[in-house]
Amino acid sequence: MATIEEFGEYETAWCPGCGNFALLEGLKQGLAASGRRPRDLLFVSGIGQAAKAPHYLNANVFNGLHGRALPAATGAKLADPRLTVIVESGDGCCYGEGGNHFLAAIRRNVDLTMIVHDNMIYGLTKGQASPTSQRGHVTKAQPGGAAAERFDPVSAAIALGAGFVARAFVGDTEHLAQMVAEAIAYRGFSLVDVFQPCVSFNRVNTFAWYKKRCYRLPAEYDPSDREAALRRAGEWGDRIPIGVLCRADRPVFEDSIPALSAGPLAGREVDRKKLSQFQRRFG
Amino acid sequence: MATIEEFGEYETAWCPGCGNFALLEGLKQGLAASGRRPRDLLFVSGIGQAAKAPHYLNANVFNGLHGRALPAATGAKLADPRLTVIVESGDGCCYGEGGNHFLAAIRRNVDLTMIVHDNMIYGLTKGQASPTSQRGHVTKAQPGGAAAERFDPVSAAIALGAGFVARAFVGDTEHLAQMVAEAIAYRGFSLVDVFQPCVSFNRVNTFAWYKKRCYRLPAEYDPSDREAALRRAGEWGDRIPIGVLCRADRPVFEDSIPALSAGPLAGREVDRKKLSQFQRRFG
Amino acid sequence: MKSEKAVQVIIGGEAGQGLATVGRLLSLILVRLGYRIVVTQSYMSRIRGGHNTFAIRVSPGEIAAPVEPIDVLVALTPETVDLHRGDLTEDGLIVGDASFVEKRKGCAAVPFGEIAREQHVNTAAVGLLCSVLGIGLDMAEALVDETFKKKNEQVIEENLAALRGGYEWAEQREEIHRPLPAPRRREKRLMMSGNEAIALGALSAGVRLCAFYPMTPSTSIPLTLISAAGEAGVVVEQAEDEIAAINMAIGASYAGAPAMVATSGGGFALMIEGVSLAAMTETPVVVVVAQRPGPATGLPTRTEQADLEMVLYAGHGEFPRAIFAPGDVEECFYLARQAFETAEHYQGPVFVLTDQFLADSARAVKPFPVEELEQVRPGADPDSVKTPYRRYEITGDGISPRLLPGASDHLVVAGSDEHTEDGHLTEDLGARLRLADKRLRKGLGLSRETIAPSYAGDAEPEVLLVCWGSVKGAALEAAGRLRDSGTAAAVLHFSQVWPLDPGRFLDRLRGPARVIAVEGNATGQLARLIHRESGFEIPERIHRYDGLPITPGYILRSMEG
Amino acid sequence: MKSEKAVQVIIGGEAGQGLATVGRLLSLILVRLGYRIVVTQSYMSRIRGGHNTFAIRVSPGEIAAPVEPIDVLVALTPETVDLHRGDLTEDGLIVGDASFVEKRKGCAAVPFGEIAREQHVNTAAVGLLCSVLGIGLDMAEALVDETFKKKNEQVIEENLAALRGGYEWAEQREEIHRPLPAPRRREKRLMMSGNEAIALGALSAGVRLCAFYPMTPSTSIPLTLISAAGEAGVVVEQAEDEIAAINMAIGASYAGAPAMVATSGGGFALMIEGVSLAAMTETPVVVVVAQRPGPATGLPTRTEQADLEMVLYAGHGEFPRAIFAPGDVEECFYLARQAFETAEHYQGPVFVLTDQFLADSARAVKPFPVEELEQVRPGADPDSVKTPYRRYEITGDGISPRLLPGASDHLVVAGSDEHTEDGHLTEDLGARLRLADKRLRKGLGLSRETIAPSYAGDAEPEVLLVCWGSVKGAALEAAGRLRDSGTAAAVLHFSQVWPLDPGRFLDRLRGPARVIAVEGNATGQLARLIHRESGFEIPERIHRYDGLPITPGYILRSMEG
Ligand SMILES: Cc1ncc(C[n+]2csc(CCOP(=O)(O)OP(=O)(O)O)c2C)c(N)n1
Ligand SMILES: Cc1ncc(C[n+]2csc(CCOP(=O)(O)OP(=O)(O)O)c2C)c(N)n1
Ligand code: SF4
Ligand code: SF4
Ligand SMILES: [Mg+2]
Ligand SMILES: [Mg+2]
């Protein structure tokens, strides 16, 4: 059990007023609630403003390449399933450069949690459209407005069969913390897409914009009905739901890999006898 | 207007009995029906057994990299929108290595047709599981059965908002030809996922397997209802629907790019006066 | 290059404080007045906070190098003073708000709060600098007028007031005046950075599609193209990733649109398979790699020259290529053009290697004769080819007739697998050899046409500085200073780093007592290449890889020990 | 290597006819009987049809090279005869079905239809070959028994009958007998290909995760690992693409599982950004690149050695690496092990460069002492590090204490951005220099420990053949033949191609009248590298890049002109 304080306080490289601060706060609360200690946690991130977050946390950190946090996290989790592995990165990183890994992670269903700082923009590279930018969103790189349709990560994840799909908003930290804790507790691939306003480059999807729209899913909402979940996730306009949109049990990847049944790969000894037997097959 | 014969007859490198032959036949029929001449057609493929198909057709061909047919096709189409650009490749190529481009192509909605030879296996590399392989499918590389969930391309495309999503089966060439012709006629990104049995490596999803299951969508089926389409596309088991599952009008990428309104990029002259004006902005 | 009387103004502050706005405005004023400038932008990988600088070295005569000493330090935060005080020249001036700058000799403690409203402080600073540098206010006023003309009158008025406020405050204080010598003559110049020049060069060559994925310090190339896209008829598409970007460009080029990509090291790494595809399908594509320090994410906003070898050997299999490495903004323009021409003629990947320093370094350039320059015309005349058309016809120089699909009844088949002359895949090993040889033969032409390194300086130098790319200016100025102090010196600068033709430079290397390779990397990549290609091992090496550009001072200090 | 009496049996036919099954069965019989073999597999990029061959060169003594001349040509299709008749030795024999093989001297026109049912024809052919080669039928029978023991009795009986049918048919025909000399001594040997040995070496080093995306000719490495996965406790994961594969391996290695990837040129190109990540985060990872002819898709099932330079300079930024290039199956095993050790010790990417020829070439190897060999133990002891733990502590040799996350209270922070010693990202340019230097210092150790090229042959040769990787056997045999014909000859073989330490081989290069680089590529990549590193320009070059392996005959013919 760790307290919020154990996850540390660091100076950040974020802009004053950025939604990332509240996100970090909610995340820490969620971590504390999840009962994980810093040493049990591994944060894997890509590159971007969001991806810096793990550097501002007391935990193990693997800060990899832009777009490639998921495969690195997958490798780490398979190497040592005792670790609670959390992928934390931006919308561009996770759904843009990393799109193929997102598809694969959902299909594979390794026990990972993916927390996306979704500011609907490329922050660190100064404000180009991201996959989650709305069609028509004007930026310096898209002066005529983004021409491609918005990628809706939660709908996509639900449609693709993900087992745990949640949305949160930094304006509701308590709820965010809860989503984080639930996602960590869920065994399998879990996604928490977090609305995080970028005060420097996204002048459309501002704190107020989200605030006005986001509402918590009602208590009676049943996340186990995937079709209903899809319908609900599709709500985009005046009202946008936050909460666990979809939740289902799915076979976890680790359980179907015989080599993992004998415990973590890390630290395992070569069974030289067996290897010798294996070699004999070539004779 | 071209006849089937104009698309040629070539010796292939495919296995006797392979579903690719019927696919090629249906494709040619569809091309003939579409009224395109060989010179108007550009086939863009990746690498795999399926990806060889354009070499067995009289048409322009850009046979690119494994997984990268879509971006190459996108570039070619933007360069010369007069070309009818058809991406043709395998399930591994299109949904595995090329997964991120599949996501992007749907969002972008360039006027392309994508024909996937879906044999639910990696053929050319000798039978590893592909994204469309069923969970549990046993191969040499997956002796314990594929651990990841099957990627369902038509459901995914529908959920992601694609405008034209069809499924066909090489066992019903007439229908296949029709799907091809409709997809070509559709303006925007169109997907035709074609069941194509691999006699060498997929001993589960055989011709008979598909034959038993595939049924044509009933005439009264309404492809414009995306929710119904998703439900229908989700049918997987004893009965699997083929036909145009989903069809909707969507803004076409080319229409929102000002530079394209003046005609094809290919062959365009530099307007030196305007360039000179542009340069003056630096003064 | 003779050492020129030059003044360096550095504006420092946090990201988001608008220091680049001040810097750009002042630079443009100076350029319009006929001065030469060398801008060096140092910034951190963050959007707000931290500490950035915008350095303008300005002179009435030609200058080409960044330098360290600061004549006027404009501090937007106290930190600026702490960080850069040490670099001030003897007569150096610190300009900053009175709240943190002391009132003493060598300091201008400006009561900005009294002079202007908060949002106009930067404009006031520009006005003030006009006075400090003794360049009058007319040009500044004209520029403010232009800049804000799209906004309303009031904005213009407020800014003009701030400008004048700053100017007048300084006018009264002679002790802070650091007047520039008058500009030589008022010939028309433009303010352009390396990346802007690459974009303009590409436009003038006829680029029709640029696919990119944002990556510092390359992004300003597509952004510049985008700002021209409507009028120039260019598609600039942000791709889903770098792999898509290069494949899109290759597809576009195949279909007749001259195409390019722009990226940096990590993004380029992802394009390498595509480079090989361009080579195999013999599709022209221009690849701009704007270098920054690695490995991996490294220092994303700093400069380095460590990707020459990666670019030279990028792609599996063997094929010819050309790599240009512009040394200044003019070369950025002309070599970007050249890259398109070479790519089209030799039908394959051609590279432009630049780096963050040059990418972001604005200079005063003569307007390029864009109205006279020819564009590239993709593809051959369909009527000129033999029937049946063979895309990869074996020819003496390895160059086959490239037709565009759809433009005629000839079908154009391009293949990633080894192929026959008609483009269809083959496993005939004889055909393989013929096609491979054909492709490799293009290398002979590329070698013959390679740009010889430029040589400048004494005919029989004691010291020869060998460099490539953006180090040019620093090397030239270092050599100039050596000459000023009585040492015969010269510079051998490679603006094309591949192919190398030792016949065109080996003699230069053999004479001097000291031959020194100066490179912005740790291992001496060009020096090693020269060694391999010419047998000449450059005995001395100067390296820099802390993220900052090489300066004349850095070279001279390194030479001493 | 002395030239050995050897016989070459080639089985040719269409893909899907089971020629590899015949070939493997016969090879295994020969190996069990104590013969040495060199298998060369030539196949097309298709699953059925086309024309493939499985060549077994067999000898009672040591042999190491593929050769062209055919002593026994087993034709499963008429095409085989047409294609390979020209390579038959004077006394060569064609074996094929009576339907297309003439009944004349030097031909065995076999009425396979009478001897066996269609599905057992291949087994009959094996029986027949046992007679032709004069090796008896016992071993074949034993093997058929083992092979089909999982199936039912009837299958075994049918196959045994076919085997005997073929054998007896041939026994009666002395004119088709081409008996092998008796094997030297019956020491235990295994039949193993280069890729299988790499997999076994990796297992013995303790590999725990192999991530891959299928790509010829590398796929048999993960497939071999998979066949051991359950008992060896290895995760072999087919990734969604090569980028995922290397990042997965790096993630696994960071967390304590020795990890590898295996791919070929185009797949490796996609991994290059990841290589740079491994270098920056200082994470051990073994990268096997099985070369095939490029560019792009090229000839996917053929062999080449053209990716040395790509691998050597793969990754943006500068960092040390080691590249091993096994020359035979034994080296595949030991260098795969070495790669894991080096990767763990130096904490970064280490490469094993092989090629299709060696990957698929089965040999008779002594069993490796897998019961005695040590495994790699990832990470340092958490109790041995200073507190606060700094993952990238600056050390003299550049090697910092690597802890594993979760294994102690020490937190392990690995960074892709430039970082401080504790792993957190920094933009402090002084820290940058210190960390970059630390990383580069590891190169000194790598250089010191590099494997010197092996030298074999006359002490003062007239001819020195310089080669790397899989060319070893051909070079050794060519040198042997030169010696047999009175020319003093030797071979300098590099099984580690980076780093190079000229001190350990320059002397060898200086003496001989003819120094010839023999490489399976068009441009002489190793020769160029040797030139750069040692200043020695190898005057003669032999290249092959038509997709086939270099043979002794190819070398000798090329030497003549
Ligand atoms: C391969 C590669 N391509 C591009 C980049 C440049 N890059 C760094 S961050 C970033 C975008 C970040 O956007 P997002 O993931 O949404 O994070 P944010 O900054 O908005 O939090 C890009 C494109 C990179 N580092 N690596
Ligand atoms: C970058 C890269 N990785 C891997 C390969 C090897 N490869 C060639 S085809 C193929 C799979 C083909 O499967 P699919 O796309 O389903 O086509 P099929 O052969 O089944 O028709 C693979 C992995 C390659 N050519 N390039
Ligand atoms: S750029 Fe946007 S997302 Fe990044 S720190 Fe600033 S406000 Fe936050
Ligand atoms: S391997 Fe399968 S898909 Fe490929 S040609 Fe043979 S049967 Fe067809
Ligand atoms: Mg973002
Ligand atoms: Mg397939």
Side-chain angles (χ1 to χ4, degrees), chain A residues 67 74 78 94-110 129-133 135-136 142-163 188-189 226-228 230-231 233-234 250-261, chain B residues 67 74 78 94-110 129-133 135-136 142-163 188-189 226-228 230-231 233-234 250-261:
Chain A
T74 303
L78 297 181
C94 294
Y95 310 131
E97 184 89 45
N100 205 28
H101 314 306
F102 183 61
L103 293 179
I106 292 174
R107 294 182 43 231
R108 215 178 253 125
N109 202 34
V110 170
S130 100
T132 57
S133 297
R135 198 177 125 77
Q142 284 79 23
E149 197 46 70
R150 180 177 70 91
F151 177 74
D152 178 355
V154 292
S155 298
I158 297 167
L160 294 165
F189 177 78
R226 196 172 291 270
E227 221 173 280
L230 255 183
R231 221 173 302 122
R250 288 182 59 198
V252 175
F253 184 83
E254 295 90 307
D255 297 343
S256 62
I257 304 298
L260 289 176
S261 57
Chain B
T74 303
L78 297 183
C94 294
Y95 310 131
E97 185 88 47
N100 205 29
H101 314 307
F102 183 61
L103 294 179
I106 293 174
R107 293 181 44 231
R108 215 178 253 126
N109 202 34
V110 169
S130 100
T132 57
S133 296
R135 199 176 124 78
Q142 285 79 22
E149 197 47 69
R150 181 177 69 92
F151 177 74
D152 178 356
V154 292
S155 298
I158 296 167
L160 294 165
F189 176 78
R226 197 172 291 271
E227 222 173 278
L230 255 182
R231 221 173 302 123
R250 289 182 59 198
V252 175
F253 185 82
E254 295 89 308
D255 297 344
S256 63
I257 305 297
L260 289 176
S261 57

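In what follows, every chain begins at residue 1, and chains take the letters A, B, ... in the order their sequences are listed. These figures come from a predicted structure and were not determined experimentally.
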**Study point:** Heavy-atom side-chain contact between R226(A) and I158(A) under 4.5 Å
**Key:** yes
Review point. Hey, which of R150(A), R135(A), R108(A) has the most heavy atom pairs under 4.5 Å with chain B?
Key: R135(A)
Exercise for review: Would you indicate whether the side-chain heavy atoms of F253(B) and L78(B) approach each other to under 4.5 Å?
Suggested key: yes
Review point. So, do V252(A) and V110(A) sit near enough that their side-chain heavy atoms are less than 4.5 Å apart?
Key: no
Review point. Which residue out of G234(A), P251(A), A156(A) racks up the most heavy-atom pairs below 4.5 Å with chain B?
Key: P251(A)
Practice item. Using non-hydrogen atoms and a 4.5 Å limit, figure out which bit of F102(B) sits close to chain A: side chain, backbone, both or neither. Key: neither
Review point. Heavy-atom distance under 4.5 Å to chain A: side chain of S155(B), backbone, both or neither?
Key: neither
Revision key, fill the gap. Bottom line for E97(B): the part with an atom under 4.5 Å from chain A's heavy atoms is backbone
Exercise for review: Look only at the side chain of N109(A) and the backbone of A148(B), and say whether a donor-acceptor pair between them is shorter than 3.5 Å.
Suggested key: no
Practice item. Against chain A, label L230(B) side chain, backbone, both or neither, depending on which of its atoms sit under 4.5 Å from a heavy atom there. Key: side chain
Practice item. State, with a plain yes or no, whether a side-chain heavy atom of R250(A) is found less than 4.5 Å away from one of I106(A). Key: yes
Point to revise | Under 4.5 Å from a heavy atom of chain B, the part of P258(A) involved | key: neither
Review point. Rounded to the nearest 0.5 Å, what separation is found between the CG atom of N100(B) and the CG atom of L103(A)?
Key: 7.5 Å
